[in-house]
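Step one of this worksheet: look at the structure below.
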2 protein chains.
Amino acid sequence: MASITQIIDHAENTCRKNGAKLTEKRKRVLTGLLISKKALSAYELIDFMQKEFNESPPAMSVYRILDFLETENLVHKLHLANKYIACSHISCAHEHEVPQFLICDKCGNVKEIGIKKSLINTLKQNVEKSGYVLKSPQLELHCLCHECA
Amino acid sequence: MASITQIIDHAENTCRKNGAKLTEKRKRVLTGLLISKKALSAYELIDFMQKEFNESPPAMSVYRILDFLETENLVHKLHLANKYIACSHISCAHEHEVPQFLICDKCGNVKEIGIKKSLINTLKQNVEKSGYVLKSPQLELHCLCHECA
DNA sequence: TGCAATAATGTTATAAAATAACATTTTAAA
DNA sequence: TTTAAAATGTTATTTTATAACATTATTGCA
């Protein structure tokens with residue numbers, strides 16, 4: 001399990017390779033999500049950063065930074081929960097599976113699992129049979145965690 | 001293809017069987033969604049109903065009505081788009097498939113397809129292997145429709 | 001039929017999430 | 001060094017959603 005510093009370094013290198021820049025502000029937002037044990041909304045992130053880093057960035061900035069991090073695949077937006085979660089594979093060397101998020105409707109806990117290639121292909125075929133093009137196979141499912149079930 | 005009146009009648013009977021009541025206000029919200037060619041947000045619904053029925057219910061009421069309709073499975077909330085869409089199987093006599101929504105990220109068009117039982121079972125097993133319980137297998141996918149692709 | 005309880009809806013206010021538009025600062029490139 | 005582009009800030013607003021209290025309508029029971 002890589003330390004947060006290592007993950008940030010790795011993220012920085014990945015961004016540089018893509019011609020993007022992981023600025024200090026962006027690092028701090030990503031760090032906030034990595035430190036946090038749970039998915040956070042933009043405003044929860046602002047509160048969290050106020051407590052952890054003694055800085056309170058404007059919401060507009062946080063949203064922009066989250067958009068950037070999402071575009072760089074460092075962060076995932078969970079639409080079911082209106083929250084963001086750090087990608088759990090940032091420092092992996094191998095290509096990892098498309099994420100599927102199991103979101104507890106009761107307590108908000110989120111678990112990330114990988115979607116098998118075969119399942120993605122099935123989804124993709126279903127989509128194309130319907131005249132649409134699959135843009136992003138990331139999945140979110142309404143669940144209950146083992147504590148709330 | 002059932003007429004809107006028939007669909008509403010069917011919905012009313014289904015609610016009655018479930019011990020719920022499809023009041024006039026609720027009928028009008030459902031009708032609005034049935035008339036509409038596309039998924040609508042709560043506020044879009046309010047605008048739509050102002051134009052179609054010359055009534056402008058408060059947002060709070062619309063949200064409550066949408067919650068009710070969703071609970072009765074007459075309406076689906078699309079979390080990716082923050083919109084609602086009428087269930088397309090209200091007057092079907094047979095048990096229909098769990099819905100999967102293909103949502104065009106560009107224009108907002110939504111297509112509903114059915115998820116095969118085998119795919120649901122796969123999803124369910126993946127979830128349970130992770131210690132969670134699948135609560136609702138409804139899926140939403142980021143897509144592009146054939147016009148926007 | 002009348003009354004009490006419950007359900008549905010309205011009102012007022014606010015919270016939460018998100019974005020538009022303009023401005024300033026920082027960084028990178030020429 | 002200067003300019004252009006990127007990043008961030010500021011101000012304001014829009015959009016989505018809900019809390020809490022009040023009123024109205026409906027239902028069930030005596």
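In what follows, every chain begins at residue 1, and chains take the letters A, B, ... in the order their sequences are listed. Model, not experiment: these values are computed from the prediction.
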Please report the distance, rounded to the nearest Å, between [atom1] in [X] and [atom2] in [N].
X       : N      : atom1 : atom2 : result
A/Asp67 : C/dT19 : CG    : C1'   : 10 Å
B/Leu22 : D/dT27 : CG    : P     : 13 Å
A/Ile46 : D/dT10 : CD1   : P     : 13 Å
B/Glu24 : D/dA25 : CD    : P     : 14 Å
A/Phe68 : C/dA18 : CZ    : C1'   : 20 Å
B/Leu45 : D/dT16 : CG    : P     : 11 Å
A/Leu40 : C/dA18 : CG    : C1'   : 17 Å
A/Tyr43 : C/dT19 : OH    : C1'   : 10 Å

Taking OP1 and OP2 of [N], is either one under 4.0 Å from a side-chain nitrogen or oxygen of [X]?
X       : N      : result
B/Lys27 : C/dA8  : no
B/Lys25 : C/dG10 : yes
B/Lys21 : C/dT6  : no
B/Thr23 : C/dA8  : no

Can you classify the ring geometry of B/Tyr43 versus B/Tyr63 as parallel (below 30°), tilted (30 to 60°) or perpendicular (above 60°)? perpendicular
Minimum heavy-atom distance between B/Leu22 and B/Ile8, given as atom pair plus value: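 What the structure gives for the nearest pair is CD2-O, 4.0 Å.
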Closest heavy-atom contact between B/Leu30 and B/Ala86? CD1-CB, 4.3 Å
With a non-hydrogen cut-off below 4.0 angstrom, is A/Lys83 in contact with a base, only sugar-phosphate, or nothing?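 Since no nucleic acid heavy atom lies under 4.0 Å of A/Lys83, the category is nothing.
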Base, sugar-phosphate alone, or nothing: which one does A/Arg26 contact when heavy atoms must sit under 4.0 Å apart?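 It contacts sugar-phosphate atoms only.
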Given [options], the nucleotide with the shortest approach to the side chain of [X]:
X       : options                : result
A/Tyr63 : D/dT27, C/dA17, C/dT11 : C/dA17
B/Met60 : C/dA18, D/dG9, D/dA20  : D/dA20
A/Asn82 : C/dA17, D/dT16, D/dT27 : C/dA17
B/Arg64 : C/dT9, D/dA17, C/dA17  : C/dT9

Partners passing side-chain contact (heavy atoms from CB on, under 4.5 Å) against A/Arg64 (at least two apart in sequence or in another chain):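 Scan of A/Arg64 (side-chain contact (heavy atoms from CB on, under 4.5 Å), adjacent residues dropped) gives A/Met60, A/Ser61.
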Tell me whether B/Leu144 is reachable from A/Tyr132 by hopping between hydrophobic residues (I, L, V, M, F, W, Y) whose side-chain heavy atoms are closer than 4.5 Å. no
